[in-house]
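This is a predicted model, so every value here is computed, not measured.
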Amino acid sequence: MQPAEPWLVDRPAEVSQVIAALGDSGGATVGITTAVPGAGGFGKTTVARMVSRDPRVRRRYRGRVYWVTLGRYARRETLTGLVNGLIAQLEPDRAVTFTDIRQAADHLAAILAEGPRRLLILDDVWTGQQLAAFPAAGRCDRLVTTRIPALTAAGMAIPVRVDQMTDGQAQAVLLHGLPPLPPAVVAGLLAETGRWPLLLRLVNKILAMLRTDITVAAEELLGRLRAGRALQVDEVTGAADRRLDVADPDQRNQAVLTTIQASAGLLSRAEQNLLAALAVFAEDETIPVGLIALLWQATSGLDHLAAGALVTRLGDLALLT
C-alpha cells in the first residue's frame with residue numbers, strides 16, 4: 001500500500017462515519033458522496049484511502065481490502081477487464097478470463113459469497129452498470145466513492161457525505177510547507193477557495209513553487225481570485241460576498257480556471273503548450289507517463305528524460321497527480 005502523502009490532513013469525522021456505517025456484519029454498501037452533484041475535488045477518494053489504511057479496518061478485514069478505480073468511461077469491455085483483474089487477485093491460482101461482463105460479475109459474486117470477510121473499495125463510480133459489475137455478496141462489504149449522489153440514495157447504500165473541509169483542516173492544507181502568512185490573507189484565501197480541497201491544494205502548490213516574498217505572492221493570488229469572481233460584487237452597496245459557493249458550478253469553474261491560470265503562469269510558453277496537449281486524453285483516466293512522453297515526442301520532439309522532468313514539474317504544481 002502506498003504511504004499517505006505528507007500534505008494530507010486527517011478527516012477523522014468522515015473516516016469514523018464510514019467505518020461505523022460498514023458495521024460488524026457483512027454485506028454492507030457504504031457510499032462516500034458529496035452534497036454537490038457532479039463536483040469532484042472534495043476528497044472522497046482521499047477519505048476512502050484513509051479508511052483503507054485505518055488500523056480498525058485492517059483488523060476487521062485482516063488485510064483483505066481490494067481497490068478498483070473505475071471512472072466515467074469504464075464501460076462493458078473495460079469493466080470486464082477490471083472484474084477479471086479482481087478475480088485474479090482473489091483467486092490467483094484459479095484465475096479465469098471472461099469476455100462477458102454478466103458472466104464475470106456472476107463469477108465474482110460466487111467467489112465473494114463463499115469467502116471470508118472482505119472490503120471492496122470502488123473508486124469513482126459513475127453508473128449503476130459499474131456498481132452492478134461488482135456485486136455485494138456474502139460477507140463482502142463495498143465502499144463506493146461517487147460524485148453521483150443518486151447512486152447511494154436508493155436504499156441500496158448508506159451515504160456518507162464528504163464536502164468542504166473544516167477551517168482547521170483547510171488551513172493545514174493551505175499552509176503546508178509554507179512560512180506563516182498574515183491572518184487576514186489566510187482568511188481571505190480560505191474564503192476564496194470555499195475550503196474546497198481541490199483549490200486549497202492548487203493554491204498551496206503555487207505559493208510553494210515561488211521563490212519570492214510569499215506574503216506578497218499570496219496577496220496577489222488572493223486579489224486574482226477575487227477579480228475572477230467580480231460578478232459577485234453588489235452593484236448597489238459595492239460590497240462583495242467573498243465566500244465561494246461550491247454548489248454553484250459557474251463559481252466553481254471560474255475559481256478553478258483562475259487558479260489553474262495562476263499555476264500555468266509559472267510555466268514557460270512551451271511548457272504550457274505541452275500541458276494543453278494532455279487534453280487529448282480522456283477525463284478521469286490513468287495515463288501512463290510513457291504514453292505522455294510518446295505524445296510530447298511526436299508533437300514537440302521532447303525526449304523521454306525531458307518529458308519525465310516536465311511531468312514531475314506539473315505534479316509539483318498539482319496540475320496532475
Leu143 and Leu122: CA distance, side-chain angles, deciding distance, side chain to side chain contact (heavy atoms under 4.5 Å, CB included) verdict: CA-CA 6 Å; Leu143 177 58; Leu122 304 176; over 6 Å; no
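- Side-chain atoms of Asp10 never come within 3.5 Å of backbone atoms of Pro12 as a donor-acceptor pair (strictly under, hydrogens ignored).
- When the side chains of ILVMFWY residues are joined at heavy-atom separations under 4.5 Å, either directly or via intervening members, Leu200 and Met209 end up in a single hydrophobic cluster.
- Across all their heavy atoms, Ser52 and Arg58 have their closest contact at O-CD, 2.9 Å.
- Summarising the geometry, atom CG belonging to Leu278 is positioned 7.0 Å from atom CG belonging to Leu295; distances are rounded to the nearest 0.5 Å.
- Of all the heavy atoms in Ile87 and His107, the pair that sits closest is CD1-CD2, 3.8 Å.
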Go through Val96 and Glu91 one step at a time and tell me if the side chain to side chain contact (heavy atoms under 4.5 Å, CB included) criterion holds. CA-CA 9 Å; Val96 292; Glu91 293 192 331; over 6 Å; no
Check the pair Leu120, Val68 against side chain to side chain contact (heavy atoms under 4.5 Å, CB included), reporting the backbone distance first and the verdict last. CA-CA 8 Å; Leu120 177 57; Val68 179; 4.1 Å; yes
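- Taking CG of Leu22 as the reference point, atom CZ of Arg56 lies at 10.5 Å (rounded to 0.5 Å).
- Atoms CD1 and CG, from Ile292 and Leu302 in turn, are 11.5 Å apart once rounded to the nearest 0.5 Å.
- Although no hydrogens or angles enter the test, the distance criterion places no donor-acceptor pair under 3.5 Å between the side chain of Asp123 and the main chain of Thr69.
- No donor-acceptor pair under 3.5 Å is formed between the side chain of Lys44 and the backbone N or O of Ile32.
- Side-chain N or O atoms of Arg142 include one that pairs as donor or acceptor with a backbone N or O of Phe134 at under 3.5 Å.
- Residue Phe281 is grouped with residue Leu317 when hydrophobic side chains (ILVMFWY) are merged at heavy-atom distances under 4.5 angstrom, including chains of intermediate members.
- Taking each heavy atom of Ala172 and Val9 in turn, the nearest pair found is CB-CG2, 3.6 Å.
- Paired with Leu314 under the rule side chain to side chain contact (heavy atoms under 4.5 Å, CB included), one option of Val311, Leu310, Thr312 passes, and it is Leu310.
- The line from CD1 of Ile121 to OG1 of Thr145 is 9.0 Å long, rounded to the nearest 0.5 Å.
- Side-chain N/O atoms of Asn84 and Thr97 include no donor and acceptor closer than 3.5 Å.
- Taking every heavy atom of both residues into account, Glu192 and Arg226 meet most closely at OE2-CG, 3.2 Å.
- Of the residues Val51, Val18, Val47, the one that meets the side chain to side chain contact (heavy atoms under 4.5 Å, CB included) test with Val160 is Val18.
- For the atom pair OG1 of Thr258 and CG of Leu202, the computed distance is 11.5 Å after rounding to the nearest 0.5 Å.
- Among all heavy-atom pairs drawn from Ala136 and Thr29, the shortest one is CB-OG1, 4.1 Å.
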Would you sort out whether Thr127 and Leu70 count as a side chain to side chain contact (heavy atoms under 4.5 Å, CB included), showing the intermediate values? CA-CA 10 Å; Thr127 67; Leu70 293 135; over 6 Å; no
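- Between the side chain of Gln130 and the backbone N or O of Gly71, at least one donor-acceptor pair lies under 3.5 Å.
- Contact between Phe98 and Thr80 at its shortest, heavy atoms only, is O-CG2, 3.2 Å.
- In this structure, the side chain of Trp296 does not engage the main chain of Asp303 through any donor-acceptor pair within 3.5 Å.
- Here Tyr66 contributes atom OH and Leu112 contributes atom CG; the two are 9.5 Å apart, rounded to the nearest 0.5 Å.
- For the pair Thr193 (side chain) and Leu190 (backbone), a donor-acceptor distance under 3.5 Å is present.
- Judged by a 6.0 Å distance limit and a 45° cone about the ring axis, Arg201 is not positioned over the six-membered ring of Trp196.
- In this structure a side-chain-to-backbone donor-acceptor pair under 3.5 Å is missing from Gln171 to Gly168.
- Between Asp141 and Arg118 there is no salt bridge, since no side-chain nitrogen of the basic residue lies less than 4.0 Å from a carboxylate oxygen of the acidic one.
- Gln169 places a side-chain N or O within donor-acceptor distance of the main-chain N or O of Thr166, the cut-off being under 3.5 Å.
- Distance alone, capped at 3.5 Å, is enough to place a donor-acceptor pair between the Arg60 side chain and the Gly23 backbone.
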